[in-house]
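Data block below; observations after.
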There are 4 protein chains.
Amino acid sequence: MRFRSQHHEHDEGTERIEAFSDGVFAIAITLLIIEIGVPVLTADESLSHALRHLWPEYAAYVLSFVMIGIYWANHNSFFKHFVRSDHFFLMINVFFLMAIAFVPFPTAVLGEYLDNDPERKTAVIFYIIGLLLPAIGWLSIWVYGNQDHLIDENLDPDYIRFLSFQFVGSTAIYLIALIIAIWLPYVGLIITAALTALYLLPPRPRQYITQTGDEPL
Amino acid sequence: MRFRSQHHEHDEGTERIEAFSDGVFAIAITLLIIEIGVPVLTADESLSHALRHLWPEYAAYVLSFVMIGIYWANHNSFFKHFVRSDHFFLMINVFFLMAIAFVPFPTAVLGEYLDNDPERKTAVIFYIIGLLLPAIGWLSIWVYGNQDHLIDENLDPDYIRFLSFQFVGSTAIYLIALIIAIWLPYVGLIITAALTALYLLPPRPRQYITQTGDEPL
Amino acid sequence: MRFRSQHHEHDEGTERIEAFSDGVFAIAITLLIIEIGVPVLTADESLSHALRHLWPEYAAYVLSFVMIGIYWANHNSFFKHFVRSDHFFLMINVFFLMAIAFVPFPTAVLGEYLDNDPERKTAVIFYIIGLLLPAIGWLSIWVYGNQDHLIDENLDPDYIRFLSFQFVGSTAIYLIALIIAIWLPYVGLIITAALTALYLLPPRPRQYITQTGDEPL
Amino acid sequence: MRFRSQHHEHDEGTERIEAFSDGVFAIAITLLIIEIGVPVLTADESLSHALRHLWPEYAAYVLSFVMIGIYWANHNSFFKHFVRSDHFFLMINVFFLMAIAFVPFPTAVLGEYLDNDPERKTAVIFYIIGLLLPAIGWLSIWVYGNQDHLIDENLDPDYIRFLSFQFVGSTAIYLIALIIAIWLPYVGLIITAALTALYLLPPRPRQYITQTGDEPL
């Protein structure tokens, strides 16, 4: 069987990285549930009590699911800012995906220890680090992609500055939440959840340089 | 490498949400088996006895597999009712997928405790809640999508009313099964299984407004 | 965003079922490794001994991986025998996938108990049942699909008879292996492995009715 | 519903094997995190200590993630060297994927025992074997694919020799690292990590026979 035109020169690599990223998003998001173990009942505990006692697991599941879901929803439109790709661009994306695929672990740690008084602080800090890593990865993609040969040169410079501000800002908020969590774990967590909730709003549409009022070619 | 026409304006977002949904369906459905642990034999138990003793796990596996399989089978044709999408529409879909990805957990709880006399009731109620959540998610997609700018305006209003009736009805049956399960767990479970079995029948084909007997344009 | 031509009548359902099936194959095949737990060393055991002691797990992993890999490899060309689909056809496919997704569990049971003298028989029988189920599913797809409105009517009747013979034959060999395993577990397992090895050979190419020596239109 | 032109003769098998391979890559890479269990605290241990104590798990996660990520990144461009496929070619690919899907297990073993003085050596050797297997699989695809009817005959013979040298060389380095690890586990591991790091560099572009200085047709 013959399967490919012989000199298929224009690389399909970016449809592949988006498909691969979508795969990692879908798998990481679905694996979140695996980390919630079926409760093993102790002597005089009821299943009903044990299932209600899992509320930190449910909360962590919902927060992480929405967070990965938002990254997924934005990833595709994010990539529309770039008109070319290169090897290091793909590699930075692999590192970003490594941070996404890591999320189920701090989520499980948070679910297990949020309800545990002496360990809550550690669990929340570890979880916020787990959300900070993909934010840094995303920012790295943006910074590296912001080069002449990669970015779409028809994008409005003001719009690009807005995005830079947004991505640096989000990363900074995770950092601030992390620092606050050292003293007030729940406040740190609420800031993180609020930032995630903000991203549920529609993203700002891409803006292009208009030449004498026209749409870009 | 160059990878995208620069102003590829018509959004590919919905092929992506369907591909992503299909991914979550496929992963959630395949993860169901992970929840069945290899039996660890106690002193004088045989493997044969232990494997037969897992019948609630097998039953829960089959029921949840068929249930997710039906959602998968219907999801694609369901989306054909809508001709446009918007940001909140995608977000509601993410919440629906969150309910689908949750299913392996109540399935595991049911498999573990269906055979346990004092805890059966709790396990069944928890499982029906686990099925009720995607039904509510599906209904939410339908309600939100039933707006002028999203739904296909050539659909027959009678057909739309039929679907609304069907989706509200299914959700109501899950609710009734849940209430019945408080007294009669097995009856609640059988109602749930019967509702799933009903969905194995072919869905009603989409019906369009016919203009003087013609097929829609 | 607008995402679909409004009356996109030719159903995309079968590309979807193949993509979904491929997803389930890929996930089930990759989940096989999850069932091999990292050994927990007992008092005077070395890791080296423990890892070598896992040989039944490795053997079961290889056999099940190759088996699912072959089903995957044949599934696509298998579907080329059918020119149409219907609702029940899809549902039978869902049941086939349920049997494929089940395979990691009997594989894990075999890996755990193959080395256990009194329980070997049960583990092997359970494993062969685990392989028999997808064989029955496959045969069911073939039998149901062998109807005028589904199958490609240009296929050579002799070739169709050959396939029927092959699929019934494979199912029968699993059944025979299962019965033999009641007395001779290893022999039953070797027959199963040999049948799998046979499928590593290239499949017979599809044969069409030739009309006065021509290729079909 | 009708779903396929009846004599769709040019096999889609290789898009499928690439999609399937991508699926296995994405799942195997995302499953790596599952192997890191949430720490169960002993009497006077803090969560903070336990999470820091998991550094070998994090290190093994990063190394294996990058390694599978690189295989994924190179797999697609690797397949562009071949213009045809056959049954055994697909089967060798299945064996390669079996080695990729196996990686999470030696990764988990390394993560668990790297910090364990008497067992470090075994864990490192087992891990290097786990990386050696896909390298051998990759080399096997290359050797088998290097036949007249499969490989693109317009590739520059010097370039082909370079690739053969590279693939044999990588496999040899894993073997050398394995032998060194018998005496110096950390050195063996560092060689392995360094080899992986080398692959982060851009791959050499494909080179074709130039006919009187022209690009290939």
Side-chain angles (χ1 to χ4, degrees), chain A residues 1-9 11-13 15-17 19-32 34-35 37 57 86-88 90-95 97-113 116 118-123 125-126 129-130, chain D residues 9-15 17-19 22-23 25-34 36-41 46-51 54 57-58 61-62 65-66 68-70 72-73 75-77 79-80 82-87 89 152-154 200-203 206 208 215-217:
Chain A
M1 46 186 134
R2 194 158 185 290
F3 63 83
R4 199 182 287 288
S5 65
Q6 289 185 25
H7 305 288
H8 191 54
E9 278 312 303
D11 222 290
E12 304 154 300
E15 273 82 55
R16 266 185 92 230
I17 193 142
F20 187 70
S21 305
D22 280 8
V24 171
F25 285 130
I27 299 157
I29 217 170
T30 319
L31 283 180
L32 291 168
I34 283 293
E35 304 277 9
E57 265 90 349
D86 64 23
H87 185 75
F88 291 110
L90 296 187
M91 284 300 131
I92 292 171
N93 214 300
V94 168
F95 280 92
L97 292 176
M98 189 158 76
I100 289 290
F102 189 72
V103 167
F105 180 62
T107 303
V109 169
L110 182 71
E112 187 71 28
Y113 289 101
N116 177 326
E119 304 299 359
R120 179 179 303 123
K121 193 183 76 180
T122 306
I125 289 174
F126 191 65
I129 291 173
Chain D
E9 277 311 303
H10 55 281
D11 222 290
E12 303 154 300
T14 50
E15 273 81 55
I17 192 146
E18 287 184 50
D22 280 7
F25 286 130
I27 300 156
I29 216 170
T30 319
L31 283 180
L32 291 169
I33 200 66
I34 285 294
I36 308 186
V38 174
V40 178
L41 302 184
S46 71
L47 177 59
S48 163
H49 176 266
L51 288 174
L54 288 175
E57 264 89 348
Y58 306 144
Y61 172 76
V62 170
F65 198 102
V66 172
I68 298 180
I70 289 168
W72 164 77
H75 192 260
N76 178 257
S77 93
F79 263 64
K80 292 203 176 124
F82 310 109
V83 288
R84 280 178 211 84
S85 173
D86 65 23
H87 185 75
F89 195 65
D152 186 340
E153 54 203 21
N154 293 303
L200 288 175
L201 299 174
R206 277 188 301 288
Y208 294 95
E215 278 287 285
L217 298 173

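Below, chain A is the first sequence line, B the second, and so on; all start at residue 1.
- Within the structure, salt bridge (charged side-chain N to carboxylate O under 4.0 Å, His left out) pairs that include any residue of residues 97-109 of chain A do not occur (at least two apart or interchain).
- A 4.5 Å side-chain heavy-atom check between D:Leu31 and A:Leu31 finds at least one atom pair inside the cut-off.
- For A:Ile27, the parts lying near chain D are the backbone and the side chain together; criterion is any non-hydrogen pair under 4.5 Å.
- For chain A, the nearby parts of D:Phe25 are the backbone and the side chain; heavy atoms of each come within less than 4.5 Å.
- Shown here for A:Glu119 and D:Ser46, the closest heavy-atom pair between the two residues is OE2-CA, 3.5 Å.
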**OP:** Give the intermediate values and the outcome of side chain to side chain contact (heavy atoms under 4.5 Å, CB included) for residues D:Val66 and A:Phe95.
**Re:** CA-CA 8 Å; D:Val66 172; A:Phe95 280 92; 4.0 Å; yes
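- Proximity to chain D is absent for every atom of A:Ala26, based on heavy atoms less than 4.5 angstrom apart.
- The heavy-atom pair separating D:Gly69 from A:Val94 by the smallest distance is CA-CG1, 4.4 Å.
- Contacts between A:Met91 and chain D at a heavy-atom distance below 4.5 Å involve the side chain alone, from C-beta outward.
- Between A:Glu112 and D:Leu47, every side-chain heavy-atom pair lies at or beyond the 4.5 Å cut-off.
- Note that CD1 of A:Ile34 and CD1 of D:Ile33 are 14.0 Å apart. Values are rounded to the nearest 0.5 Å.
- If you measure heavy-atom distances from D:Leu51 to chain A, the contacts under 4.5 Å come from the side chain alone.
- Closest approach of A:Val109 to D:Pro39, counting heavy atoms only: CG2-CD, 4.5 Å.
- With sequence neighbours left out, the ring-ring contact (aromatic ring centres under 6.0 Å, His included) criterion links A:Phe105 to A:Phe102, A:Phe126.
- Of the two parts of A:Ile100, neither the backbone nor the side chain holds a non-hydrogen atom closer than 4.5 Å to a non-hydrogen atom of chain D.
- When the candidates A:Leu97, A:Asp22, A:Ile125 are compared by the number of heavy-atom contacts under 4.5 Å with chain D, A:Leu97 comes out ahead.
- Heavy atoms of D:Leu32 lying under 4.5 Å from chain A are absent altogether.
- Here the straight-line distance linking atom CD1 of D:Ile68 with atom CE of A:Met98 works out to 12.0 Å at 0.5 Å rounding.
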